[in-house]
Amino acid sequence: MRAAIAAALDDAQARGALPRLPGAEIAVERPQKPEHGDYASSVALRLAGTVKRRPLDVAQAIADSLPTGALIAAVEVAPPGFINLRLAPDWKRAQVEAILAAPDSWGAIDLGAGQRVQVEFVSANPTGPLQVGNGRGAVLGDVLAGVLEAAGYEVEREYYVNDAGAQVRIFGETLEARYAQHFGRAAEVPAGGYQGRYMLELAEAIAADRGEEFLSLDEPARDALGAEGLRRMLDQIRGDLALLGVEFDVWFSEASLLAPRDALDGRSAYETAMTYLRDGGHVVEKEGAVWFASSARDDKDNVIVRSSGEPTYFATDIAYHFDKFALRGFDRVIDVWGADHQGHVARTKAATAAVTAAAREDGDADDRPPGDGLEMLLYQLVHLRRGDERVRMSKRTGELVTLRELVEEVGRDVTRYFMLQRSADAQMDFDLELATSQDPKQNPVSYVQYAHARCASILRNGAKEGLQPGGDVQALTGPTELALIDAMLRLPELVEMMATKLEPHHLTGYALELAQDFTQFYGACRVVNGEEPDLSRARLKLTRAAQIALARTLGLMGVSAPDEM
RNA sequence: GCGCUCGUAGCUCAGUUGGACAGAGCGCUGCCCUGCGGAGGCAGAGGUCGUGGGUUCGAGUCCCGCCGAGCGCGCCA
């Protein structure tokens, strides 16, 4: 559509209707009011100033050069200078066949052109069960990844496992204490340790399976106990996420960044990245520590190696992003972070840009733009509520409502839909009382699923009457039929918009509109009707197409699309 | 103090990258359907888009100030 207008603009200039001027951005949008056509462009309004002509005249000049035909049925110029395009109803109806031909891929586009993009999300410390807030990141990341796949990207879902550093050490010490206590030994959970019940349960589970195997608590036994605890905690996290329908392609170990690699001449990714930073002049030493000198204006220097010689989390994070871009060659990387990590965005981008640029000069990385491929999607916190009572979430207090509890109470579909409903920028309250309410009216997801089930039911009824989808889609001339087709045709554009803006939450609103358009069609048009078999078969086609569009929309959200409810 | 995000209908929130009279769901009022699944459909009431300026042909959307809410500013992760 944009191309058509651009061509018309060129044509208008070529034949002298408009003066020559440098290429302007062609803005095309879908008007809110149906009277304004299917698409509208405001190019004329933008151009009018520079060409010193009345906007209406400019619009008319462009409109005169827009050919009408099988696709575009009408071009209208409207004050103050809009160009409104109306698609041919015949063409729209014919698109129903395109939907029927793509039951598993309707809405897919090739925006990404096969570029490799990694979405890293959740990545919660494996020192406790996942919290409700992690669920929001899980849903956002998973749905975004699916949207990017639909947009033509090759996507990998990755969980970064923080299995090195202070938190893991404290986790091990807490586990040692609980394990020792289980066998009646005097032991104290260390200061800053994990007080939650789950640590008791973890210690008991290990004791039940492995007995006193680790009770000596000498160095090897402590390491083995810690590793065992971490392994079990990760299994639990994996299970919590599976309950939500989230699965990862890669579980990436932070500790592996510190291990020597043959491909790096026996050095670790961490050492290699630090060398590049040093050689690139991005590092200063002061107060006995090593600092990354950030080039970002809104950032200050940050410690990467403590005076003790131990790397900070930031240091391994730099190595991690070095690994993503320089070693694994992703074109784009999207980190989905909670808003409490907001302060890390600037420094991580700056450091990633610095280290990949240095690696590229050294021939260790491709010549892709440094750091430009790194994007952060921040989501605001989830506040948990039970009616009027605020539930505080903290791994340290032990007063937890875990993600697992939430999903078990509310169900996967409702959890995913609720988490997805709001834009990532906005805080959200998750009211357990409301979400666990048995009143289906509280859950818009039911309305959408019901529409899908109704499609299936109608198709079943048609089959019983000996009527199958078929016939000529040009028989679908009613206003509700066309409105439904319009709604289905918007899905590919929606995918493009969501992939471009990294805003998967638009799916929920679209799903509701699509379901409404189908329900209105259902109310206005009798589908299964033996007295008008041709029309009936055409409407069965439309019903099947609607089922596909609904299933694809629900599928992108990771919400089930039942044939019966 | 500095930075990030948010402030839109009684409630919960959208608002497609600055467009044509501000939208949805729930709640409220009234009406419709003795039809393939009523977990419906239609209509109505309800909004100075926190506030004051600015940019623009045009601002809920961009810029600045102020007010309010959340989060972040560690040799923690």
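So you know, we letter chains A, B, ... as the sequences are listed, proteins then strands, and number each from 1.
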Confirm from the modelled atom types if A/Thr519 and B/G40 form a donor-acceptor pair under 3.5 Å, side chain to base only. no
Using atom P in both nucleotides, what's the gap between B/U5 and B/C49 to the nearest angstrom? 23 Å
Would A/Phe82 count as stacked on B/G19 if the rule is ring centres under 5.5 Å and plane angle under 30°? no
Which whole number of Å gives the distance between the P atom of B/G23 and that of B/A9? 14 Å
Tell me whether the NZ or CZ atom of A/Arg347 lies within the 45° cone about the ring axis of A/Phe292 and under 6.0 Å from its centre. no
Per atom distances to the A/Ser446 side chain, the nearest of B/G15, B/C36, B/A39 is B/A39
Of the nucleotides B/G41, B/A39, B/C71, which one has an atom closest to the side chain of A/Tyr450? B/A39
Stacked pair A/His506-B/A14, distance under 5.5 Å, angle under 30°: no
Do A/Phe121 and A/Tyr159 have ring centres separated by under 6.0 Å? no
Base, sugar-phosphate, or nothing: which does A/Met498 touch, judged by heavy atoms less than 4.0 Å apart? nothing
Write down the distance separating the C1' atoms in B/U56 and B/A14, rounded off to the nearest Å. 26 Å
Let's test your reading of the model: under 3.5 Å, does the base of B/C75 pair with the side chain of A/Ser308 as donor and acceptor? no
Give the nucleotide from the list B/A20, B/G70, B/C76 with an atom nearest to the side chain of A/Gln427. B/G70
Considering only atom C1', compute the distance from B/G37 to B/U8 and round it to an integer number of Å. 37 Å
When the P atoms of B/C11 and B/C4 are compared, how many Å lie between them, rounded to an integer? 29 Å
